[in-house]
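What follows is a single structure, written as structure tokens, with notes after it.
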Protein chains: 2
Amino acid sequence: MKLSTRGRYSVRIMLDLAIHDNEGPVFLKDIAQRQQISEKYLWQLINPLKVMGLIKSVRGANGGYSLARRPSEITLRDIIQVGEGSLSLVECVDNALGCDRSDLCVYRDVWMEATRKMLETFESLTLEDMVLRHHEKFRKIAEKDPL
Amino acid sequence: MKLSTRGRYSVRIMLDLAIHDNEGPVFLKDIAQRQQISEKYLWQLINPLKVMGLIKSVRGANGGYSLARRPSEITLRDIIQVGEGSLSLVECVDNALGCDRSDLCVYRDVWMEATRKMLETFESLTLEDMVLRHHEKFRKIAEKDPL
DNA sequence: GCTAAACTCTACCAAAACAGTAGACAAACT
DNA sequence: AGTTTGTCTACTGTTTTGGTAGAGTTTAGC
């Protein structure tokens, strides 16, 4: 029932990239430092995002990562899908077959509905939304606790 | 993100008890046979349901288990809560503290909302609903494939 | 009382998933 | 040539999951 750290890191990484979206490629090293993850582990999280086409990379010196689409065109569902591998609460939601009790089971419909409702939230939010929320939150903190 | 087998077995066990609700205490042995679980493992699943007050037991010969409340007064949320231990998609939904990034993080609201939507489904369905669905499904199978 | 039927409790265990670490390699800028 | 940066693969310790097993306790019925 819990999201794994992979899923949670994935959305944080993507938000980091979105925040620095118009500054050219972002170094793995910098993301690692900001998000407090080792570079090696970060690569394991960021690579699937590249493979799945959510971000692109530039190799060599002065390389780095950047979003493959505009922030408004990437939903949290897209990201979490990559981080978690599957988005369904129960295996049978993805493939009806494989459950030998499918003819008797009354729960598949329930798992499907619960999954659908959960995903509504993730589909309704884009990286653009999250950047706005982030800036809003940062602004409020600055107001409350001015230097 | 996946429900564990404990959660899924728990709702099946409770449905089994609900179906035989007016026949006196149900033997662990019988549930085990119908649900294809070993009696020992079944006890480990059923005992928390008793401890949490969803079912009651009678010890000794001719003992067994029965629902502690009417089927219409037990929701899937009640059951899954026991089976899974926690109902939130991310730890921070339960306890806001403990996350050192809570001041910067924009995702807690998202996890809360997604969890809430998912739980809507589980809260809206009672064991009575599931018994009805079960009988309906059984009736349709019988029509389709008469002996 | 004795016995059999049933629930109770605790300990243990193997496999899988999770959360990383580590090191060698490849590409590209300067 | 050398440095910076991304790429790939292998390995590993810990936790969770999904059980098994066995000894003990309570009660009905003879």
Side-chain angles (χ1 to χ4, degrees), chain A residues 1-13 16-17 20 23-52 54-68 80 82-86 89-91, chain B residues 1-13 16-17 20 23-52 54-68 80 82-86 89-91:
Chain A
M1 191 93 112
K2 289 273 185 292
L3 259 72
S4 69
T5 58
R6 296 180 73 88
R8 302 199 312 275
Y9 273 135
S10 294
V11 293
R12 276 169 54 185
I13 292 164
D16 192 299
L17 284 175
H20 302 89
E23 305 171 13
V26 179
F27 301 149
L28 193 73
K29 189 190 0 174
D30 291 346
I31 305 175
Q33 190 169 21
R34 282 192 292 262
Q35 305 300 328
Q36 304 276 59
I37 321 175
S38 80
E39 293 178 43
K40 295 300 189 181
Y41 184 39
L42 175 56
W43 181 83
Q44 289 185 37
L45 302 172
I46 214 171
N47 190 54
L49 293 167
K50 196 197 79 172
V51 171
M52 297 306 284
L54 296 186
I55 62 181
K56 53 194 175 185
S57 69
V58 177
R59 301 184 63 161
N62 298 321
Y65 295 93
S66 52
L67 297 180
I80 295 170
V82 175
E84 296 289 324
S86 164
L89 284 173
V90 176
E91 195 57 31
Chain B
M1 190 93 112
K2 289 275 185 290
L3 259 74
S4 69
T5 58
R6 296 180 74 87
R8 303 200 311 275
Y9 273 133
S10 294
V11 293
R12 276 170 53 186
I13 292 165
D16 192 300
L17 285 176
H20 302 89
E23 305 171 12
V26 179
F27 301 148
L28 193 73
K29 190 191 359 174
D30 292 346
I31 305 174
Q33 190 169 20
R34 282 192 293 262
Q35 304 301 328
Q36 304 276 60
I37 320 175
S38 81
E39 293 179 43
K40 296 300 189 182
Y41 184 39
L42 175 56
W43 181 82
Q44 290 185 39
L45 301 173
I46 215 172
N47 190 53
L49 293 167
K50 196 197 80 170
V51 171
M52 297 306 284
L54 296 186
I55 64 181
K56 52 194 176 187
S57 68
V58 177
R59 302 185 64 162
N62 298 322
Y65 295 93
S66 53
L67 298 181
I80 295 170
V82 175
E84 296 288 324
S86 164
L89 285 173
V90 176
E91 194 58 32

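Below, chains carry the letters A, B, ... as their sequence lines are ordered, and counting in each starts from 1. Since this is a predicted model, take the numbers as computed values, not measurements. Just so you know, these numbers use all the heavy atoms, side chains as well, and skip hydrogens, waters and symmetry mates.
As rounded to whole Å, 12 Å separates atom C1' of dA6(C) from atom CD1 of Ile46(B). Atom CG in Leu42(B) sits roughly 11 Å away from atom P in dT20(D) (whole-Å rounding). In this structure, CG of Leu28(B) is placed 18 Å from P of dT26(D), rounded to the nearest angstrom. Here dA11(C) presents its P atom at 12 Å from CH2 of Trp43(B), a figure rounded to the nearest Å. Nucleotide dA19(C) holds its P atom 13 Å from the CZ atom of Arg12(A), rounded to whole Å. Atom P of nucleotide dT21(C) and atom CG of Leu45(A) are separated by 11 Å, given to the nearest angstrom. Between Ile13(A) atom CD1 and dG6(D) atom C1' there is a gap of 15 Å when expressed in whole angstrom units. To the nearest angstrom, P of dC7(C) lies 18 Å from OH of Tyr41(B).
Scanning both residues, Gly83(B) and Ser4(B), for their nearest heavy atoms gives O-OG, 4.5 Å. Smallest separation of non-hydrogen atoms from Leu42(A) and Ile13(A): CD1-CD1, 3.3 Å. Across every non-hydrogen atom of Val90(B) and Arg8(A), the tightest pair is CG1-CD, 3.7 Å. Here the closest heavy-atom approach between residue Leu49(A) and residue Ser10(A) is recorded as CD1-O, 4.4 Å.
Taking CG of Asn47(B) as the reference point, atom OH of Tyr65(B) lies at 6.5 Å (rounded to 0.5 Å). Atom CG in Asp30(B) sits 11.0 Å away from atom CD in Gln35(B) (nearest 0.5 Å). Taken from CD in Glu91(B) to CG in Leu3(A), the straight-line distance is 12.5 Å, to the nearest 0.5 Å. Taken from CG in Leu89(B) to CG in Leu89(A), the straight-line distance is 7.5 Å, to the nearest 0.5 Å.
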Taking N or O atoms only and anything under 3.5 Å, show me the protein contacts with nucleotides 13-18 of chain C, one pair per line.
none

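Here Lys29(A) does not reach the OP1 or OP2 of dT4(D): none of its side-chain N or O atoms lies under 4.0 Å away. Taking side-chain N and O atoms only, Ser38(B) has a distance below 4.0 Å to OP1 or OP2 of dT20(D). For the OP1/OP2 pair of dG19(D) and a distance below 4.0 Å, the side-chain nitrogens and oxygens of Lys40(B) include no atom meeting the criterion.
Among the protein residues, Val51(B) comes within range of no part of the nucleic acid, since none of its heavy atoms lies under 4.0 Å from any strand.
Non-hydrogen atoms lying under 4.0 Å from DNA chain D are contributed by Arg59(B), Gly60(B), Ala61(B), Asn62(B), all within residues 55-68 of chain B.
If you find the closest nucleotide of DNA chain C to Gln44(A) and to Asn47(B), the one lying nearer the 5' end belongs to Asn47(B).
Within 6.0 Å of CD in Glu39(A) there are more than 12 heavy atoms belonging to other residues, nucleotides or ligands.
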